[in-house]
J.: 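My structure is below; once you've seen it, I'll send some questions.
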Amino acid sequence: MLIRDVVSWNAMIAGYVKSGYACQAVELFWRMQQESIEPNEKTFICVLMACAPPVSIEEAALIHTFLSMYSFESDIHVGNALIGMYLNFRLLNDAYFVFKHMTMKDVVMWTSMITGYSDNGRWDEALNLFQRMLQESVIPDEVIFLSVLSACASLYSLRFGLMVHSIIINAGIDLNPFIGSSLINMYAKCGNLHLVHRVFEQIPFKDTVLWTAIVSGYEQQSEYGKALQVFDDMLATSINPNEFTFVSVLNACTGVASLDLGMIVYSNIVESGIECNMHIASALIDMYGKCGNEEDMCAVFVCLPITDTVVWNAIIDGLAQHGNSESTFQYFKQMKHHGLEVDSMTFVGLLSACNHAGLVDEGLYYFYSMLVDDEIKPSIEVYVCLIDILGRAGQLESAYALTWKLPLEYSMSLYTPLLSSCRIHSNLDVATRVGESMIKLHPQRESTYVLLSNVHALKPMRAALGTFDFDS
DNA sequence: TTAGGGTTAG
């Protein structure tokens, strides 16, 4: 072009951003300044959108400083792009600082800030902000409800979710697949499958995402049969499953431990022409692992690029479940060697390998290495494994002492494996103490009484065996 | 002719 005006530059920058070339977009922005083309609001909006890793925060801050020289900061679109930029770097306080100082806030800006909190696990603050928005008489639209419902789902808050649903109805928002799948996801996460079904029936047009939301909802609530049935219903329509659908369906096959079904679903994936991404791969590894086909589990793994923590966690856990403790440790070593990030799920696999092989010292070693070398906060699943390792090795008092160091909300998940260990070691003393605590916490839970009675049933058997002369 | 927020998965 012989003459390039601000619109040409904006179009170029926007094009680069939309195609994922963030660094080049920022470069173009600086070139534009060198050529003394005056930027406008739209220029800043485009370039701020490019400000996300791998662009550095220093360069992003420089663009913010540059922006301050113009009078665009009060522009609502620019303000929102600025909030979005800080959220891209997970700088929630900086984003909120910009948000707080905007004199005009529209529903889009509230959505950005709410999504920012929600995406960073600060769900309570997301919902508080939504309430504040309503108090300030901002009219919510369809999009903001999607973010708010996602926060309700993450909090498993049926109370708030129901309230939001009623606001949606009162606001006259269309029950389309977007709102429908968010509602289904929320009700499923809150465990209300009756409402999941009701919302699903109410949505007149059902697309792939809506079908996937209901399949995934049933699967996550361990209603594997229903998930498979709904998937079957979906196949009878003209709506095609996508990667997300297949992941949930594979999980449902794993849930019912059906290798045959899992293999049929795998052939469906291949037929559909959908590429096997990391989500599908890890679901597949998990399915083969839990359905007892170690060979195919490893065959899937070796075809994948070495890039993804979750895939490695899946194979480590799969090998551990098959009792291959040596291979499990080898894979962990390789994972570290390749510089992959490890997380608490990695250690769940490692510890369950130690558990199956009765390797107490190794289990403790990996546990401490997780705390000290990798500085990872152990998940409740890690503690369950650790207590199981100690318990099976007969270190029941140590295991029992550990349960006291953890928050009460986790106690039931920790006591259950401990009580089983008491049974293995016929330790009535610890069993009685654990059982009493469990009954105090959940007197209605029948499984506790069954476990406890199993431990007590050993008493006469042990007494009888005590009189038996094994040597002769 | 250039611009801001969103649904389902490991």
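Each chain gets a letter, A, B and so on, in the order the sequences are listed, and its residues count up from 1. Values below: all heavy atoms of this structure, side chains included; hydrogens, waters and symmetry mates excluded.
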J.: Applying a 4.0 Å non-hydrogen cut-off, can you work out what A:Lys189 is touching in the nucleic acid: base, sugar-phosphate, or nothing?
T.: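 Sugar-phosphate contact only.
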J.: Looking at A:Phe332 versus A:Trp312, is the centre-to-centre ring distance below 6.0 Å?
T.: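 No.
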J.: Extract, from 5' to 3' on DNA chain B, the first and final nucleotides lying under 4.0 angstrom from some heavy atom of chain A.
T.: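 It runs B:dT2 to B:dG10.
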J.: Under 4.0 Å, counting only non-hydrogen atoms across every strand here, what does A:Glu219 touch: a base, just sugar-phosphate, or nothing?
T.: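 The residue A:Glu219 makes no contact with any strand.
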J.: Scan A:Glu41 against the nucleic acid and name what it touches under 4.0 Å (heavy atoms): base, sugar-phosphate only, or nothing.
T.: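 No contact.
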J.: By the 4.0 Å heavy-atom rule, please label A:Asn313 as base, sugar-phosphate, or nothing.
T.: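 No contact.
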J.: For A:Tyr288 together with A:Phe301, are the ring centres under 6.0 Å from each other?
T.: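 For A:Phe301 and A:Tyr288, the ring centres are not under 6.0 Å apart.
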J.: Please name all residues satisfying side-chain hydrogen bond (donor to acceptor under 3.5 Å, both in side chains) with A:Tyr86, sequence neighbours left out, ordered by chain then number.
T.: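 Per chain and number, A:Tyr86 pairs via side-chain hydrogen bond (donor to acceptor under 3.5 Å, both in side chains) with A:His64.
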J.: At under 4.0 Å between heavy atoms, what does A:Val107 touch on the DNA or RNA strands: base, sugar-phosphate, or nothing?
T.: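 Base contact - A:Val107 has a heavy atom under 4.0 Å of at least one base atom.
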J.: Just to verify, what does A:Thr245 make a side-chain hydrogen bond (donor to acceptor under 3.5 Å, both in side chains) with, not counting sequence neighbours?
T.: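 Expected list: A:Thr212, A:Asn242.
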J.: Reckon A:Val6 touches a base, only the sugar-phosphate, or nothing at all at heavy-atom distances under 4.0 Å?
T.: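 Result for A:Val6 = nothing.
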J.: Establish, from distance only, whether the side-chain atoms of A:Thr115 and A:Ser147 form a donor-acceptor pair under 3.5 Å.
T.: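 Yes.
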J.: Considering every strand and a 4.0 Å limit on heavy-atom distances, what is the contact class for A:Asp286: base, sugar-phosphate, or nothing?
T.: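 A:Asp286: no heavy atom of the nucleic acid under 4.0 Å.
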J.: Describe the nucleic acid contact of A:Met12 in one word from base, sugar-phosphate, nothing, applying a heavy-atom distance below 4.0 Å.
T.: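 A:Met12: no heavy atom of the nucleic acid under 4.0 Å.
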J.: Remember a base hit wins even if backbone is also touched, and classify A:Asn277 as base, sugar-phosphate or nothing at under 4.0 Å, heavy atoms.
T.: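 Base, at least one base heavy atom under 4.0 Å.
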J.: Please work out whether the ring planes of A:Phe66 and A:Phe44 are parallel, tilted or perpendicular, with thresholds of 30° and 60°.
T.: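 Aromatic pair A:Phe66/A:Phe44 classed tilted.
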